[in-house]
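Atoms within a ligand are numbered from 1 in the order they appear, just like the ligands themselves.
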Amino acid sequence: MEHKTGSHGGRGWAALAGVVSGAVFVAVAEITAFAAARDASPLLAAGSFVIDIVPQWAKELAIDLFGANDKLFLLLTLGVGVLLAAAAAGLLERRRRLAGVAVFAVAGAAGLAAALTRTGATPLSALPSLAGTIAGCVFLTMSIAALRRWRAPGAAGDGASGPDRRRFLLLTAVGGVTAIVVGTGARIGTMATTSVASVRKALRLPEPLSRITVPAGAELDIPGLSPLFTPNADFYRVDTALTVPSLAPADWRLTVDGMVGEKVELSFDELLRMGLREYAVTLTCVSNQVGGDLVGTARWLGVPVREVLARAKPEQGADMVLSRSVDGFTASTPLDALTDPGRDAILAVAMNGEPLPPEHGFPVRMVVPGLYGYVSATKWLTRMTVTTFEKDQAYWTPRGYSAQAPIKLSSRIDTPRIDKEIPPGAARIAGVAWAQTVGIARVEVQIDGGAWQTATLSTPVSADTWVQWFLDWNATSGSHTLVVRATDRNGRMQEQERTPIAPNGSTGWQSTVVRVGTAG
Ligand SMILES: Nc1nc2c(c(=O)[nH]1)N[C@H]1C(S)=C(S)[C@@H](COP(=O)(O)O)O[C@H]1N2
Ligand SMILES: [Mo]
């Protein structure tokens with residue numbers, strides 16, 4: 001049967017031409033971004049836009065399903081979406097001239113809008129989307145025209161061979177390979193040259209004015225128990241940043257403005273000159289489920305926030321500081337939590353003996369004991385605006401989370417694990433418990449609904465750090481249910497009732513089932 005121009009025949013080739021044109025689109029956008037506007041890749045800008053608009057339940061689902069790979073999942077989804085749209089553009093363009101071009105124009109407009117609305121966008125941010133769209137449309141028009149010529153009835157070498165077929169295949173192959181090489185090269189180039197890894201490595205921080213003392217008995221040596229200080233590589237990471245912002249200390253400025261007597265600007269060196277001190281603080285994410293691992297303890301080097309605020313002289317009536325990251329994320333922290341001399345709210349520059357890792361906020365982040373990360377722990381910090389809760393809202397506030405959120409005291413069983421059978425006999429149940437700014441007074445464990453047994457606690461480093469605990473247990477063969485609960489030094493017991501993480505943190509006692517094998 002003859003091929004007809006139009007919808008019959010060559011559909012696969014048209015889809016392929018669309019995909020290759022899409023690759024040309026992305027590659028030209030990436031190389032333009034590399035040359036002129038590093039932060040304005042339309043694909044990544046669109047991804048960031050999606051992160052900001054997806055509803056809360058979808059975000060939680062993504063974190064539940066993919067954990068730390070939620071961003072990879074987003075990028076893959078976006079990639080598949082782009083692939084399908086590009087294939088559709090090829091098919092449409094084959095059926096009707098400019099129909100595919102219209103698809104690319106819409107995609108380009110979306111990328112443009114996303115790039116121009118990112119924090120820190122400049123007029124140059126329009127270039128990658130514009131260049132990519134033009135290149136993609138030109139390539140699509142050319143390749144579909146070549147496909148038409150090849151597939152036209154009676155054309156030279158219709159179907160099997162001939163110059164028209166060769167021209168189309170050559171165009172597609174060369175375009176595809178070039179796009180992949182150039183696009184990947186440009187992205188790697190952008191990431192390598194904006195990476196602050198080398199600057200960070202060469203950075204030497206001054207000796208701190210004071211160091212914490214870790215008392216004897218602060219760290220229990222029990223297999224399976226979380227270490228007292230969480231190594232940076234294992235420290236949980238939660239943020240809305242699709243790519244880790246890169247901020248060189250030399251370019252870093254902190255602006256303190258808003259309701260202040262004096263607007264303050266600080267360079268990184270000026271901050272260091274205020275004098276670093278060491279603090280041990282347990283950070284907790286509001287998204288941490290009972291028994292979850294979005295909690296960790298580090299030694300931080302930093303400068304008290306109150307000293308920086310004192311320079312700016314907050315005005316009467318102010319009750320909040322809106323801290324802002326270079327990527328636009330904001331957190332609302334009560335002003336009195338930052339000025340309270342009894343609370344070690346700091347601008348941190350180091351974590352566990354090294355400059356902040358890039359993904360933990362290099363070069364400067366906030367750390368406030370006792371407040372969930374989303375209302376206090378702004379990474380890649382660049383601005384602190386003194387204001388009121390009435391006037392300003394932070395990133396998560398309109399997304400279903402409380403404007404203020406103290407950390408709820410909680411406890412966790414680390415070992416034995418639900419998924420690992422243990423042998424019968426002498427066993428040790430162990431875990432961690434935290435009640436930042438107050439301290440843990442008691443941890444109790446209940447086995448199979450029996451009497452509550454008081455666990456032995458490690459010596460706390462401070463009220464702001466978690467403690468480790470353990471209970472010896474003579475494990476008998478079979479399944480056993482373990483429940484843990486903690487009480488803080490104010491005599492408050494961890495809430496038993498289960499509540500979800502939104503709007504201000506989960507509650508409940510962790511209950512876990514342990515399987516104990518038979519002897520022999
Ligand atoms: N810039 C920026 N800072 C941020 C966030 C963010 O999304 N962007 N997330 C906050 C949240 S929700 C938490 S729990 C902590 C986590 O800090 P970590 O990733 O260093 O563990 O960072 C906070 N700081
Ligand atoms: Mo968080």
Check your understanding: Are there more than 12 heavy atoms of other residues, nucleotides or ligands under 6.0 Å from atom CZ of F49?
Key ->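 It does not: F49 CZ has 12 such atoms or fewer within range.
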Practice item. Inspect the surroundings of CD in E265 and state if more than 12 heavy atoms from other residues, nucleotides or ligands are less than 6.0 Å away. Key: yes
Exercise for review: Evaluate the criterion side-chain hydrogen bond (donor to acceptor under 3.5 Å, both in side chains) for residue pair R38 and T193; output intermediate values, then yes/no.
Suggested key: CA-CA 9 Å; R38 299 268 151 109; T193 50; 2.8 Å; yes
Practice item. Please tell me if the side chains of P416 and L482 come closer than 4.5 Å, counting only heavy atoms from C-beta onward. Key: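 Yes, side chains in contact.
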**Study point:** Side chain to side chain, L44 and R187, heavy atoms closer than 4.5 Å
**Key:** yes
Protein N/O near ligand 1 N/O, under 3.5 Å, which pairs?
residue  : atom   : partner : partner atom : Å
ligand 1 : 1 (N)  : S325    : OG           : 3.2
ligand 1 : 1 (N)  : K379    : O            : 3.1
ligand 1 : 3 (N)  : K379    : N            : 3.0
ligand 1 : 7 (O)  : T240    : N            : 2.9
ligand 1 : 9 (N)  : V238    : O            : 3.2
ligand 1 : 17 (O) : R365    : NH2          : 3.0
ligand 1 : 19 (O) : V238    : N            : 3.1
ligand 1 : 19 (O) : K379    : NZ           : 2.5
ligand 1 : 20 (O) : H360    : ND1          : 2.6
ligand 1 : 20 (O) : R365    : NH1          : 2.7
ligand 1 : 20 (O) : R365    : NH2          : 3.4
ligand 1 : 21 (O) : Y236    : O            : 2.7
ligand 1 : 24 (N) : A377    : O            : 2.9

Check your understanding: Does the cation-pi check pass for R399 over Y395, that is, NZ or CZ under 6.0 Å from the six-membered ring centre and within 45° of its axis?
Key -> yes
